[in-house]
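Protein chains get the first letters and strands the later ones, always in sequence-line order, with residue 1 at the start of each. Keep in mind that this is a model prediction, so the values were computed, not measured.
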Amino acid sequence: MLLAVTQGLGPVFSWFFWITFAAGLGWLLWMSITGREVERRIIFLFMGLTVSGAVLAGIILPVQETTVVRNVFDTIEGLSEGDRVLLSLDYDPSGAPELEPMAKAVSQHCFEKKLKICYMTLWGTGGAMITDVIALAKVDFPDLVYGDDYCNVGYRAGNEAVLRVIASDFRKTFPTDVSGTSLDSLSVMNGILNCADFKYIVAIGSGRPGIKEWVEYVVEPSGALMGSGAAAVSAPQLYPYYPQQMNGMMGGSKGASEYEKMLRRVYPKFKSSRAQATEIMGPQTVAHVFLMLLIVFANISYFLAKKRKGASA
Amino acid sequence: MKRTIPILITFITGGIIVLAEFIPPWAILREHVLIYFQIIAVFAFFLGGGSLLKINCQKVVRKREDWQFAIVTLVGFFIMLALGLFKMGNPEMVDLGFAADLNASGSWFKNVFDAVKAPLSASMYSLLAFFIASASYRAFRAKNSDATVLLVSAFIILLGQTFVGVVSTGWMPEWMSFFKVENLSLWLLAKANLAGQRAILIGIALGIISMSLRVILGIERTHLSGGDE
């Protein structure tokens, strides 16, 4: 409601936001120059106002595509109609704002290409995430048929053990789907014996078990082709596996927004679909700028204090 | 006996998993062991649930500090358990009975999850932004050369993640493209970070191998409640 009202105000709110933001930063700079301590609560307040203001103003910034994300997109783009893709959503609601947009974009891309998706998760809370992603994808593809176009095998306990077994025999761990239907009766799973039988695996995760475990226990032993989507905090730890073990990676909201951009560029029909990650990137950028300025101000304050101390000594 | 049997089980199962990598016909044995592990992992949920009940009930009965929170935990636990076990309000119950998907859209379990767990988890994660902001202002200072390198790297990575970074160095000619923020950021992630991460990974892997061998051979016994008995 508030979002609709403020976005309705459009440029007026946007200008009000930027002026307030600049004034606040000016005050923080002044405090730093004069060597006065800024209370933690003030910083919290600024961060809260910055992010919520940017969300309410609906700031959308351009996105630049990178090779590491394009590799995932191009791989799916290169698959043929009817090919199977395994999509593992290994995250919980805390990671959903970053990871759900990429899961949705990958699902949309696959369904547009008429690929068949098998959803699974290694996290107990991941089942709810799968339901959400399928519901989001179905907005653009209301005629999808369960069992023919996609299936959901859900969650199994055992973390790495689950992966090690499905790498050689998928049905030993997942004999049925999430509703107890035998995988043999689902056309999506026809001819799928192990993970290597999927043309592409996309593991989207924010912790352990997640992408690293997929690489170690599935990609290495089975030679399956994999791409990934990681939370921004864990993306740097996954670079050692790129491009050998995973041919591409979407890192955080930025990676997801790049994927959304590519999807809209190649398939203009998705321009009317909500670009969640692109919407997040505006407030995230403003928050990053705010963080960087805080670091600059803190260092100005530190060096001035050092100089004053040196002069008085 | 209390220790010998667990050590024997560890030796046999661990040995099978390791040797199966070198003896292909043993792969089937390894799969069996891993499926046993999956079955045992399910029992860990019972243990976890039992432990949660025991600790929180004790807290309430003995009125320990913040015992009121334990009541919230217990109430939440039983509500979700009942909604999940009996598939209350699950629209798939009509066709599938108790085989219905626990997380089916519209089920009470999913609705409560979406209304309580999802916003709480997202809020907890979002709090990081506030602590990072405060920490950046208070701790991220160029006090020495190491701190300066860290500061500059963090600055480049942060800039590289945003459109501001792209714009700030967008004016650079092609021959200077390496110095564009997005390329510098990528270089830091894919080269400098990669070298460090790989070194750490190899170190960890060697550590895991040595520790696993100690556990499989029964030399390391601390996981069996105390190693000096």
Is chain B contacted by the side chain of [X], its backbone, both, or neither, given a heavy-atom distance below 4.5 Å?
X	result
A:Q64	side chain
A:F46	neither
A:M292	both
A:V286	neither
A:A128	both
A:E39	backbone
A:M129	side chain
A:K254	side chain
A:S253	neither

Point to revise | Pairing residues for B:F109 by the ring pair (Phe, Tyr, Trp, His ring centres under 6.0 Å) criterion, not counting sequence neighbours | key: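 Here no residue qualifies.
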So what's closer than 4.5 Å to chain A heavy atoms on [X]: side chain, backbone, both or neither?
X	answer
B:F113	side chain
B:L151	side chain
B:L201	side chain
B:N193	side chain
B:L186	side chain
B:F37	side chain
B:L96	side chain
B:I202	neither

Pick whichever of [options] has the most heavy-atom pairs under 4.5 Å with chain B.
options	answer
A:V289, A:V162, A:V51, A:N152	A:V162
A:V63, A:D92, A:T66, A:D132	A:D132
A:V296, A:L45, A:L294	A:L294

Expected output: side-chain [X] to main-chain [Y] donor-acceptor under 3.5 Å:
X	Y	result
B:K87	B:A100	yes
A:E65	A:K261	no
B:R141	A:N299	no
B:T148	B:N144	yes
A:S168	A:V165	yes
B:S134	B:F130	no

- Query: So does B:F179 have more than 12 non-hydrogen atoms from other groups sitting under 6.0 Å from CZ?
  - Reply: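 Open.
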Pairs of heavy atoms under 4.5 Å with chain A: top-ranked of [options]:
options	answer
B:A44, B:A133, B:A41	B:A133
B:K117, B:K110, B:E182, B:M124	B:K110
B:L194, B:L120, B:I40	B:L194
B:A122, B:S136, B:S126	B:S136

Are [X] and [Y] packed together at the side-chain level, in the sense that at least one heavy-atom pair is separated by less than 4.5 angstrom?
X	Y	value
A:T176	A:R171	no
A:T131	A:I134	no
A:V153	A:V178	no

Please report the shortest heavy-atom distance between A:S32 and B:Y137, naming the atom on each side.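 In this case the closest contact between A:S32 and B:Y137 is OG-OH, 3.4 Å.
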With a 6.0 Å cut-off on ring centres, are B:F131 and A:F44 close enough?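 B:F131 vs A:F44: aromatic centres under 6.0 Å.
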Is B:E21 salt-bridged to A:R164, going by a charged N under 4.0 Å from an acidic O?
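Between A:R164 and B:E21 there is a salt bridge, with a charged N closer than 4.0 Å to a carboxylate O.
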